[in-house]
Amino acid sequence: MLTVEVRGLRELRNALLALPRRIARPLLNRSLMVGGRLIRDEARARVPLLRVPDRRRVRGALRRAIHAGVARPQGHAASVWVRVRPLTRGQIAAFKRRAGAGAQNPLDPFYWRWLEFGTSKMAARPFLRPAFEAKKEQAARAIIADLRPRILAEAEKLGRRTMGGL
């Protein structure tokens, strides 16, 4: 797992912690997804596409399987993931009912590991790690830029509510 830690954001962190958890968590998750989408889009742009038509694979299936999401919070830590999503059980079952063996499913992106890390017979053609390296700083800046005005707006709303109740 790769991690990016942005330092020097003490005020932003303190402002986020000052908000009630029911407000802070959704704000943080939305902002994290802004950065996650940047990396996801870069990974989709870098993924190798099928060069030669093959009945066992659909061109672009791996590209469509790259997704971003927010991980479950652990304490005050929050994180976003970008990964290749496997087929769901329902997708696998539907294919088996129609066509038989699941190994022949042309939509299954199981082979992403071979592309990313290579094999003994094939050189690696990474797309996830280079996408992260290329966009990590931009993603961190985008998260900060998105989060700061959201925190200020929510703090202002809370201030109005508490002042209005006096």
Side-chain angles (χ1 to χ4, degrees), residues 1-9 12-13 16 21 24-148 150-151:
M1 177 194 279
L2 299 170
T3 303
V4 175
E5 186 174 328
V6 181
R7 297 185 186 274
L9 302 174
L12 191 60
R13 181 182 172 273
L16 189 61
R21 191 176 202 101
R25 183 59 61 190
L27 287 179
L28 185 57
N29 288 348
R30 275 187 237 126
S31 296
L32 283 172
M33 281 303 295
V34 169
R37 286 185 196 108
L38 282 172
I39 295 171
R40 178 205 61 196
D41 293 344
E42 181 69 16
R44 284 180 176 175
R46 289 174 178 260
V47 71
L49 288 175
L50 188 64
R51 292 183 195 150
V52 180
D54 187 344
R55 64 179 175 76
R56 296 171 298 162
R57 297 287 153 246
V58 171
R59 183 178 168 98
L62 182 54
R63 179 176 283 171
R64 286 186 297 276
I66 300 172
H67 292 275
V70 178
R72 289 186 181 201
Q74 296 177 352
H76 292 296
S79 58
V80 64
W81 50 259
V82 176
R83 68 181 174 123
V84 176
R85 186 186 292 170
L87 293 179
T88 65
R89 288 182 180 158
Q91 290 171 317
I92 293 168
F95 182 79
K96 283 183 179 180
R97 282 192 299 273
R98 274 193 336 263
Q104 300 300 317
N105 191 335
L107 299 176
D108 194 349
F110 71 91
Y111 56 92
W112 75 268
R113 290 174 190 85
W114 300 334
L115 287 172
E116 183 73 16
F117 302 110
T119 67
S120 62
K121 298 180 181 183
M122 180 182 87
R125 294 168 60 194
F127 55 95
L128 286 175
R129 290 174 293 158
F132 172 77
E133 290 298 326
K135 294 292 183 173
K136 66 183 176 185
E137 297 298 326
Q138 184 181 353
R141 286 192 301 273
I143 290 168
I144 294 165
D146 188 72
L147 187 57
R148 185 172 280 130
R150 288 180 190 275
I151 289 174

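Below, each value reflects all heavy atoms present in this structure, side chains not excepted, and no hydrogens, waters or symmetry copies.
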What heavy-atom pair brings [X] and [Y] nearest, and what distance separates the two atoms?
X	Y	value
L27	L147	O-CD1, 3.9 Å
R55	P106	O-CB, 4.1 Å
P109	A65	CG-CB, 3.7 Å
V80	M33	CG2-SD, 4.0 Å
A139	G35	CB-O, 3.6 Å
L32	A78	CD1-CB, 3.6 Å

Kindly compute the distance separating CD (E133) from CD1 (I39), expressed to the nearest 0.5 Å.
9.5 Å

Got a second to check how far R56's CZ is from D108's CG, nearest 0.5 Å?
13.0 Å

Who are the side-chain contact (heavy atoms from CB on, under 4.5 Å) partners of P26, not counting sequence neighbours?
R30

side-chain contact (heavy atoms from CB on, under 4.5 Å) filter on T119, not counting sequence neighbours, yields W114, K121, M122

Aromatic rings F127 and W112: how do their planes relate, parallel, tilted or perpendicular, breaks at 30° and 60°?
perpendicular

Determine whether a donor-acceptor pair (N or O, by modelled atom type, separation under 3.5 Å) exists between the side chain of R125 and the backbone of F117.
no

Which residues pass the salt bridge (charged side-chain N to carboxylate O under 4.0 Å, His left out) test with R150, not counting sequence neighbours?
D146

Identify every side-chain donor-acceptor pair in residues 81-94 under 3.5 Å, counting partners at least two apart or on other chains, and give the distances.
{"from": "T88", "atom 1": "OG1", "to": "Q91", "atom 2": "N", "distance (Å)": "3.1"}
{"from": "T88", "atom 1": "OG1", "to": "Q91", "atom 2": "OE1", "distance (Å)": "3.4"}
{"from": "Q91", "atom 1": "OE1", "to": "T88", "atom 2": "N", "distance (Å)": "2.8"}

Test applied, side-chain hydrogen bond (donor to acceptor under 3.5 Å, both in side chains); reference residue, Q138; option that passes from R141, K136, K135
K135

Apply side-chain hydrogen bond (donor to acceptor under 3.5 Å, both in side chains) to R46 and list each qualifying residue two or more places apart in sequence or on a separate chain.
E42

Between L115 and L62, is a side-chain contact (heavy atoms from CB on, under 4.5 Å) present by the stated rule, with each step listed?
CA-CA 10 Å; L115 287 172; L62 182 54; 3.5 Å; yes

Residues 59-71 vs salt bridge (Lys or Arg N to Asp or Glu O under 4.0 Å), sequence neighbours excluded, gives none

